[in-house]
Each structure stands twice: as C-alpha cells, then as structure tokens.
Amino acid sequence: MPRLAVLGYPVGHSRSPAMHGAALAELGLGEEWSYEAIEVTPDAFEARVRAMPGEGFAGANVTVPHKGAALSLADELSETAREIGAANTLVFAGGEGGEAEEVVVRAENTDAEGFLRSLPGSPSGRRALVLGAGGAARAIVWALLREGAGVEVWNRTELRSRHLSEELGGETVGEPDQSAYELIVNTTAVGLGGEDPFAELPLAAEGFAASQTVVDMVYGGEPTALLRAAAAAGATTVDGIEILVQQGALSLETWTGRPAPLETMRAAARG
Ligand code: ATR
C-alpha cells in the first residue's frame with residue numbers, strides 16, 4: 001500500500017491531497033495508494049523525511065518552506081533540481097521493507113516543467129518579466145531561460161534579484177515598462193493576504209494589453225486582482241491552480257509510472 005504526502009508548514013490550505021486523491025481514484029489506484037498532508041516544522045523536516053520510507057511512503061511533494069531543505073538532504077538530485085536549487089518532489093527508491101539506510105532519497109523539481117506546460121505556447125524568443133526572487137521565481141526563471149526567452153527580473157529587494165540573475169541568468173530590472181513584455185509572471189506572495197498588487201508591484205491595472213500572457217502563481221477561490229485586470233484588457237491569463245495541476249501531474253507520473261488524469265486533477269484542485 002504505497003503512501004504519498006505533501007510536506008509543508010503550514011500545509012492545511014494545500015489542494016494537493018484532494019487533487020492527488022481524485023487522480024489516484026481515477027487511475028483505479030484509490031484502494032492501493034494514498035496521499036495525505038503532513039505539517040512539519042523546518043527543525044523536524046529531515047528526520048520526518050528519513051522516517052517516511054520505513055512507514056510505507058513511496059514519495060512526497062515538498063512545499064513552502066522546505067524546498068531548499070529537500071534538495072540538501074537528498075542522496076540523488078535531478079539536474080533540474082540541482083540547477084534551480086530547490087526540489088518539490090521526493091522519490092524513495094529501493095530498500096523495500098528493509099533498512100532505512102538502504103533507501104535512496106531522490107530529489108526532483110517539477111515546478112519548472114509544470115509552469116512551461118501551463119503556458120498557452122512556447123516562450124521561446126519572447127520577452128518576459130518575472131516579479132519576485134524567491135524559490136518560486138528561481139524555477140520560473142530557469143524554465144524561461146532554458147526555453148530561450150529573454151528574462152528580466154524585478155524584486156522589491158533588488159539585491160535578491162541581482163543574486164538570482166548572477167546565479168541563473170537573466171537581467172535585473174528596477175523600473176520595468178509593463179507594455180514591453182509578452183509574458184508577465186508574478187511569483188511574489190502579493191495578493192495572498194489580500195494586498196493590492198498595483199500598490200506593491202511595478203504594474204498598473206490599466207497597463208496590460210491583449211497581446212500579453214499574464215501568469216499569477218497566487219491562487220485562491222477567485223481570480224486574483226492581477227488576473228482580473230489582465231483579463232479585462234483582453235490578455236491571456238494563467239492562474240496558480242493550473243501550475244499546481246501541471247507540476248502535480250508530473251510528480252504523480254514519476255511515482256506511479258502512469259499518465260496523470262489532468263481534467264480530474266483540475267476539477268479537484270479547483271474544488
Ligand atoms: P517563494 O519561495 O514562494 O518564492 P519567498 O522566497 O519567501 O517565497 O519569496 C517571496 C517573494 O515575494 C519575494 O520575492 C518577496 O520580495 P522580497 O525579496 O523583497 O521580500 C516577495 N514579496 C512578498 N511580499 C511582498 C510585497 N508586499 N511586495 C512586493 N514583494 C513581496
């Protein structure tokens with residue numbers, strides 16, 4: 001009976017258990033596999049992960065604030081996870097029913113590929129603005145650069161965007177011209193707590209154009225103020241739920257070896 005989980009702190013708001021539970025049921029694996037939410041503090045994270053293979057876990061998703069720690073503790077890293085510097089997926093391989101030390105913990109990152117799959121088209125050759133310089137921004141910048149987009153990074157604390165650009169590539173921008181980009185991606189937490197994106201970010205509600213694609217990684221029950229303004233201008237919008245679904249689908253395929261049922265996952269994630 002393989003178990004799966006999402007590890008976070010806090011994790012109560014996560015849509016992953018509902019999404020993966022529905023997917024496992026759709027695949028006919030609902031009786032065999034399970035997926036649960038586990039809240040774990042940063043102090044307890046490594047010990048918790050090390051105990052999981054012995055408790056029947058086949059893998060886990062990792063979310064805020066553990067994506068860096070997941071990378072550090074892993075025995076094996078995918079090249080993507082290593083280059084991004086964060087992991088959102090763990091796979092426990094070998095050591096079935098045996099000693100914990102025989103189990104290899106492999107860290108992967110499906111956030112980057114999941115983001116690319118959520119876009120309506122290839123970002124190759126496009127001019128892109130990424131807002132934010134945290135863990136989420138790293139995966140997005142890495143993915144866009146790999147696809148050959150021109151990437152500019154704005155962050156409230158410019159020192160962080162400078163570090164990100166030095167490490168991954170792209171350029172830091174202090175005062176972005178909103179109309180100049182074909183793709184705008186908000187990776188900051190702005191909007192999560194009800195903040196006004198047009199007060200906190202270098203964007204104007206009236207500044208979007210129909211030719212643009214606007215992505216907001218923040219998700220809730222309703223479209224965010226950012227996406228509402230973009231949609232009103234006729235822009236193509238992508239929300240955080242679609243990215244959650246796409247990264248989750250890639251993780252599920254890694255664990256089960258089965259194609260993920262995207263529509264079922266989307267419906268469950270949207271609640
Ligand atoms: P994550 O891993 O989700 O990216 P993070 O590393 O804590 O989380 O990064 C949060 C991002 O949101 C940062 O880019 C942060 O900007 P700072 O580096 O200046 O802190 C950004 N952020 C959070 N609140 C913000 C606000 N009110 N205005 C602008 N940016 C904000």
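Remember, it's 1-based here, ligands and their atoms both numbered in the order they're listed. These numbers come from a predicted model, not from an experiment.
The pair R3-E36 meets the salt-bridge criterion, since a charged nitrogen lies less than 4.0 angstrom from a carboxylate oxygen. Looking at R48 and E55, a side-chain N of the basic residue comes within less than 4.0 Å of a carboxylate O on the acidic one, giving a salt bridge. Using a 4.0 Å cut-off between a side-chain N of Lys or Arg and a carboxylate O of Asp or Glu, E113 and R146 qualify as a salt bridge. We find that D111 and R138 are not joined by a salt bridge, their nearest charged nitrogen and carboxylate oxygen being 4.0 Å or further apart. Salt bridge status for E222 with R228: absent, with no side-chain N to carboxylate O gap under 4.0 Å. Under the 4.0 Å criterion applied to side-chain N and carboxylate O atoms, R270 and D239 are assigned as salt-bridge partners. Salt-bridge formation is detected for the pair E158/R162: a Lys NZ or Arg NE/NH1/NH2 atom is positioned less than 4.0 Å from an Asp or Glu carboxylate oxygen. Under the 4.0 Å criterion applied to side-chain N and carboxylate O atoms, R126 and E147 are not assigned as salt-bridge partners. Ion pairing between a basic and an acidic side chain is recognised when a charged N comes within 4.0 Å of a carboxylate O; E152 and R127 show such pairing.
Of the N or O atoms in E195, none lie within a sub-3.5 Å distance of an N or O in ligand 1. Geometrically, ligand 1 and T188 share no nitrogen or oxygen pair separated by less than 3.5 Å. The shortest N or O to N or O distance between W154 and ligand 1 is not below 3.5 Å. Ligand 1 has no N or O atom lying under 3.5 Å from any N or O atom of L201, backbone or side chain. Between V64 and ligand 1, a contact under 3.5 Å exists for no N or O pair. Where the criterion is an N or O separation shorter than 3.5 Å, residue side chain and backbone included, A189 meets it with respect to ligand 1. Polar contact check, A136 against ligand 1: a nitrogen or oxygen pair lies under 3.5 Å apart.
Nearest protein neighbour of atom 27 (N) of ligand 1, counting heavy atoms only, is E200 OE1, 2.9 Å. Shortest contact from atom 23 (C) of ligand 1 to any protein heavy atom: R156 NH2, 3.8 Å. Protein heavy atom nearest atom 5 (P) of ligand 1, with residue, atom name and distance: G134 CA, 4.0 Å. For atom 19 (O) of ligand 1, the closest non-hydrogen atom on the protein side is T157 OG1, 2.5 Å. In terms of protein heavy-atom proximity, atom 2 (O) of ligand 1 is closest to G135 N, 3.1 Å. Closest to atom 14 (O) of ligand 1, if we only count protein heavy atoms, is N155 OD1, 2.6 Å. Considering only non-hydrogen protein atoms, atom 13 (C) of ligand 1 sits nearest to R160 NH1, 3.5 Å.
Less than 4.0 angstrom separates some heavy atom of V190 from each of these atoms of ligand 1: 25 (C), 26 (C), 27 (N), 28 (N), 29 (C), 30 (N), 31 (C). Close approach of ligand 1 to A133 is summarised as follows: ligand atoms under 4.0 Å from at least one heavy atom of the residue are 14 (O). Every atom of ligand 1 is numbered from 1 in the order shown, and the set under 4.0 Å from a heavy atom of G132 is 14 (O).
Aromatic ring pairs are classed by plane angle as parallel below 30°, tilted from 30° to 60° and perpendicular above 60°; the pair Y35 and W255 is tilted.
Checking atom 7 (O) of ligand 1 against the protein gives no heavy-atom contact under 4.0 Å. Counting protein heavy atoms under 4.0 angstrom from atom 10 (C) of ligand 1 gives zero.
Closest approach of L227 and V238 over heavy atoms only: CD1-O, 3.7 Å.
Just one of L244, T89, V11 meets the side chain to side chain contact (heavy atoms under 4.5 Å, CB included) condition when paired with N61; it is T89.
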